[in-house]
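Just the heavy atoms: all of them, side chains too, but no hydrogens, waters or symmetry mates, feed the values below.
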Amino acid sequence: MSENWDAEWVFRQHAPRVRAYLSAAGAPDADDLLGDVFVSITRAVPKFRGTEDELRSWVFAIARNRLRDEFRQRSRRSLPVRRTPEIAPSSDEPFDDTLMTALWSLTDEQREVVVLRFVADLSVEAVARMTDRSEGAVKSLQHRALATLGRFLDDA
């Protein structure tokens, strides 16, 4: 079933997870990028046709692309890209310091898969499509990442 989507509803439903995704992925300013992502979504959502799962995948594809653009722009301007995000204590922050440190102990590929699977709540199939990997590769990265996270958190 294909539906017409209201931009305000899309924001209310997806903004918290998009912000968490951007934060966990190391966005220099997750709130600023969140605004950019939803400006793009608001402009394009009247033309979007698809199911709720397809909508979620589309929203996170836009967020992922905007984040990648931000990292590319920062590297061209020779601005430092934080390898590990600074975490200021905040009730808005979806992750505590231990979990963020654990996420940043993963490879970039593992972290991307874990965050898309569990923060964005995307299926293995959607993550595979989005990252241009096979479903088997996504499952393998996820398995290794969860094992690493488990060890890290057990030791924490």
Side-chain angles (χ1 to χ4, degrees), residues 3 5 7-41 44-45 48 50-72 74 81-156:
E3 294 191 33
W5 300 99
E8 185 179 338
W9 181 88
V10 173
F11 181 82
R12 282 193 319 268
Q13 289 297 118
H14 296 288
R17 282 187 189 236
V18 170
R19 186 190 182 289
Y21 162 74
L22 294 169
S23 180
D29 185 341
D31 291 324
D32 188 44
L33 274 179
L34 178 68
D36 290 349
V37 167
F38 276 93
V39 165
S40 297
I41 289 168
V45 78
F48 181 84
T51 66
E52 193 165 345
D53 286 342
E54 291 166 334
L55 176 71
R56 184 174 47 253
S57 292
W58 177 72
V59 164
F60 280 94
I62 291 171
R64 180 177 183 262
N65 290 337
R66 182 62 190 92
L67 180 64
R68 294 176 86 169
D69 290 347
E70 179 68 18
F71 285 146
R72 271 194 292 270
R74 290 178 81 72
V81 175
R82 286 193 319 245
R83 182 71 186 128
T84 54
E86 296 171 15
I87 305 168
S90 164
S91 61
D92 293 339
E93 191 61 51
F95 307 106
D96 65 19
D97 289 345
T98 303
L99 184 54
M100 283 301 286
T101 303
L103 282 172
W104 283 90
S105 72
L106 303 174
T107 67
D108 291 343
E109 294 81 10
Q110 289 172 340
R111 186 175 47 262
E112 179 178 48
V113 165
V114 166
V115 172
L116 288 171
R117 286 282 292 125
F118 301 107
V119 176
D121 195 29
L122 298 176
S123 67
V124 169
E125 179 185 1
V127 173
R129 249 190 339 270
M130 187 179 293
T131 62
D132 200 27
R133 292 184 175 98
S134 70
E135 289 181 32
V138 169
K139 288 177 183 177
S140 178
L141 284 165
Q142 176 183 310
H143 176 78
R144 287 193 305 263
L146 293 176
T148 299
L149 287 173
R151 286 190 303 273
F152 186 94
L153 294 171
D154 283 346
D155 292 343

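Every residue meeting the side chain to side chain contact (heavy atoms under 4.5 Å, CB included) condition with Ser105, not counting sequence neighbours, appears here in chain and number order: Thr148, Phe152. Remark: Glu125 pairs with Arg129 by the salt bridge (Lys or Arg N to Asp or Glu O under 4.0 Å) rule, at least two apart or across chains. Taking Ala147 as the reference, Arg151 meet the side chain to side chain contact (heavy atoms under 4.5 Å, CB included) condition, with sequence neighbours excluded. For Asn65, there are no side chain to side chain contact (heavy atoms under 4.5 Å, CB included) partners, not counting sequence neighbours. Checked against ring pair (Phe, Tyr, Trp, His ring centres under 6.0 Å), Phe11 has the following partners two or more places apart in sequence or in another chain: Phe38.
Separation of atoms CG (Leu22) and CG (Asp36) is listed at 9.5 Å; rounding is to 0.5 Å. Atom CD1 of residue Ile62 and atom CD1 of residue Ile41 lie 4.5 Å apart, to the nearest 0.5 angstrom. Of the inter-residue distances, the one linking Leu103 atom CG with Thr98 atom OG1 reads 11.0 Å to the nearest 0.5 angstrom.
The nearest pair of heavy atoms linking Ala24 to Trp104 is O-NE1, 3.5 Å. Nearest heavy-atom pair across Ser23 and Ala30 is N-CB, 4.0 Å. Minimum heavy-atom separation, His14 to Val59: CB-CG1, 4.1 Å. Residues Leu122 and Met130 share a closest heavy-atom pair of CD1-CE, 3.6 Å. Between Val18 and Ala63, the shortest heavy-atom distance links the atoms CG1-CB, 3.9 Å. Residue Leu153 comes nearest to Ala102 through the heavy atom pair CD2-CB, 3.9 Å, listed as atom of the first residue, atom of the second, then distance.
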Report task. Applying side chain to side chain contact (heavy atoms under 4.5 Å, CB included), run through Tyr21 and Val37 and close with a yes or a no. Result -> CA-CA 12 Å; Tyr21 162 74; Val37 167; over 6 Å; no
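You'll find the side chain of Leu146 reaches within 4.5 Å of the side chain of Gln142, heavy atoms only. The closest side-chain heavy-atom distance from Leu55 to Trp9 is below 4.5 Å. At a threshold of 4.5 Å between non-hydrogen side-chain atoms, the residues Arg64 and Leu67 do not count as touching. A heavy-atom distance below 4.5 Å is not found between the side chains of Glu109 and Thr131.
Pairs engaging residues 134-147 under the salt bridge (Lys or Arg N to Asp or Glu O under 4.0 Å) rule: none recorded [sequence neighbours left out].
Ion pairing between a basic and an acidic side chain is recognised when a charged N comes within 4.0 Å of a carboxylate O; Arg66 and Asp69 show no such pairing.
A salt bridge (charged side-chain N to carboxylate O under 4.0 Å, His left out) with Glu112 holds for exactly one of Arg133, Arg117, Arg68; it is Arg133.
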